[in-house]
Amino acid sequence: MKEHSKHYPPYLDLQPVMKVQGTVRLPGSKSISNRILLLAALSKGTTQIRDLLASDDTLVMLNALQKLGVHWTQEGNTQNYTVIGANGAFPQHQADLFMGNAGTAIRPLVAALAVLGGDYTVHGVARMHERPIGDLVDALNGVGAQIAYTGNPGYPPLHIKRGHIHAQQMQVKGNVSSQFLTALLMAAPLAAQHADVVIAVIGDLISKPYIEITLNLMARFGVQVERDGWQRFTIKAGQTYVSPGEIYVEGDASSASYFLAAGAIAGGPIRVEGVGKNSIQGDVKFAEALEKMGAKITMGENWIEAESNGILQAIDMDFNHIPDAAMTIAMAALYANGTTTLRNIESWRVKETDRIVAMATELRKLGATVEEGQDFMRVTPPASLLPATIATYDDHRMAMCFSLASLDGLARRGTQVRIDDPKCVAKTFPDFFEAFRQIKHEDLF
């Protein structure tokens, strides 16, 4: 698979646009893509993966699996891949793995490597070395894994050696990242050869819909998890991953949020294809938040459509379940009557950047009044948005979110925005700006 070397200018200037309309075919889900890649690699049998996301984060996982001795091939220039499963163990017991800034890749892979054992070093870009992994490492070392920090304690880079796993009872904190629990769940069958593994969650679990994705996909690969609410998960002994043969990757529901919001702000209808009412992704609930703001939402099996239905109304809502898509609500708030409050979003602080600080800083450039707390944000829009140059913090979602400030919409608030470093969208959606241009009724550049 080649690098996503699409040519991006150093910045993009977006002019105000009155109306948007059209259909967007979504790229594959990042969360689903990287989970499927690891499950296919650990399975018995060969898996045909259809519509895998083409992005930096999936490339990181594909390259890591290749270094671990897992064979995969890409069908021509398509996003269809064939992965030959390694049947519960990686052929290469020694590797140096670069994981970029891909949380969906590093965390489950670290858990699998720790349980299987070997001699592995795992590292990433500078920001990855600031993103916490201590709760996961504590959980694994607590049952006999041997993971050492080679930089700052609690953060990558890591050195994983062969431990002696006795994983009947594991526990992990649930309040920093749901990816830690996802990682333990995905690695648990590797540790449950002779005895059941029980994983207990300490405290509240955030981002629960992402755990639903994990459990759903594990079942597709032949492993059932019994759960007691959100506090205890039991993986019965003797289960192994078996390829489902062929599996399709849903469109990315987080990526859908920008286009649905555009439809709600600036006329529409905008239809996104690739997710619908039967999606296994929690971020489709973003559409419900838009509906609460007054947008008209319709859903089919494999599509969602958003349309303006008058000026948007401010909401006060808990977004713990959909933290990524919640960023887009902060943008929709610029077009609403009143002050919008986003609650329970502390996980924003440990994402690709500290998103509470980043969003507040850039929203203020547009003239918004923003109140920020440890786990909440309040956004009050100005009468009209100020032209601004938006810093993107090497965070794909910042670039995609702030593109929406160029929409005039019914509130007539749009402005000219300059998006710095647009190439950061390659993390999940390399063609974002082309898709954004196609829904506008005037030209983007």
Side-chain angles (χ1 to χ4, degrees), residues 29 31-45 47 49 61 85-89 103-116 135-136 138-140 142-145 165-245 247-250 278-283 320-321:
S29 158
S31 300
I32 295 175
S33 291
N34 271 343
R35 283 168 175 79
I36 285 177
L37 282 173
L38 182 56
L39 292 171
L42 291 169
S43 288
K44 180 179 183 184
T47 305
I49 304 173
M61 182 66 105
N87 199 10
T104 57
I106 192 172
R107 287 151 177 174
L109 195 56
V110 161
L113 294 172
V115 171
L116 293 172
D135 291 337
L136 177 61
D138 289 349
L140 290 162
V143 294
I165 302 291
H166 46 85
Q168 285 75 14
Q169 298 282 338
M170 305 177 83
Q171 53 181 33
V172 65
K173 289 181 188 162
N175 65 340
V176 174
S177 172
S178 65
Q179 288 175 7
F180 301 154
L181 176 57
T182 276
L184 294 178
L185 286 166
M186 289 175 71
L190 308 174
Q193 297 307 301
H194 306 297
D196 297 354
V197 171
V198 176
I199 304 169
V201 177
I202 304 164
D204 286 339
L205 177 63
I206 63 168
S207 307
K208 295 182 180 75
Y210 286 97
I211 302 303
E212 300 271 22
I213 294 175
T214 303
L215 299 176
N216 187 297
L217 293 174
M218 287 173 67
R220 296 282 298 277
F221 282 84
V223 172
Q224 299 295 329
V225 179
E226 296 171 14
R227 69 185 182 92
D228 177 8
W230 295 102
Q231 298 306 127
R232 282 170 64 83
F233 298 81
T234 303
I235 296 86
K236 291 287 189 192
Q239 298 187 81
T240 55
Y241 289 124
V242 179
S243 169
I247 191 164
Y248 283 80
V249 176
E250 279 184 19
N278 296 326
S279 169
I280 66 170
Q281 296 169 78
D283 274 6
N320 181 273
H321 59 305

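No experiment lies behind these values; they were computed from the predicted model shown. Throughout, numbering of the chain's residues begins at 1 and tracks the sequence.
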Go through T214 and R35 one step at a time and tell me if the side chain to side chain donor-acceptor pair (under 3.5 Å) criterion holds. CA-CA 7 Å; T214 303; R35 283 168 175 79; 2.9 Å; yes
Once you round to the nearest 0.5 Å, how far does [atom1] of [X] lie from [atom2] of [Y]?
X	Y	atom1	atom2	result
S207	L205	OG	CG	7.5 Å
N87	S43	CG	OG	8.5 Å
I280	N216	CD1	CG	4.0 Å
D283	S29	CG	OG	8.5 Å
S31	I213	OG	CD1	5.0 Å
I247	I36	CD1	CD1	4.0 Å

If you apply the rule side-chain contact (heavy atoms from CB on, under 4.5 Å), what do you find for I202 with V172, and how did you get there? CA-CA 6 Å; I202 304 164; V172 65; over 6 Å; no
Is any side-chain heavy atom of [X] less than 4.5 Å from a side-chain heavy atom of [Y]?
X	Y	result
L37	N34	yes
T234	V197	no
F180	K173	no
V223	V242	no
M186	Y241	yes
L116	L42	yes

Using only atom types and a distance under 3.5 Å, with no angle test, would you say the side chain of Q171 pairs donor to acceptor with the backbone of A200? no
One pair to check against side-chain contact (heavy atoms from CB on, under 4.5 Å): L184 and L140. What are the steps and the verdict? CA-CA 8 Å; L184 294 178; L140 290 162; 3.7 Å; yes
Go through the steps to decide whether L185 and I211 satisfy the test side-chain contact (heavy atoms from CB on, under 4.5 Å), and finish with yes or no. CA-CA 9 Å; L185 286 166; I211 302 303; 4.0 Å; yes
Going by side chain to side chain contact (heavy atoms under 4.5 Å, CB included), F233 matches just one of R227, M170, E226. Which one? R227
Do E250 and Q281 have a side chain donor and acceptor closer than 3.5 Å? yes
State, to 0.1 Å, how close [X] and [Y] come at their nearest heavy-atom pair, and which atoms those are.
X	Y	answer
G103	P108	O-CD, 3.9 Å
G45	S243	C-CB, 4.0 Å
Q193	A237	O-CB, 4.3 Å
M61	T104	CE-O, 4.2 Å
I165	A114	CD1-O, 3.8 Å
Y210	T182	O-OG1, 4.1 Å

Applying side-chain contact (heavy atoms from CB on, under 4.5 Å), run through I235 and D196 and close with a yes or a no. CA-CA 6 Å; I235 296 86; D196 297 354; over 6 Å; no
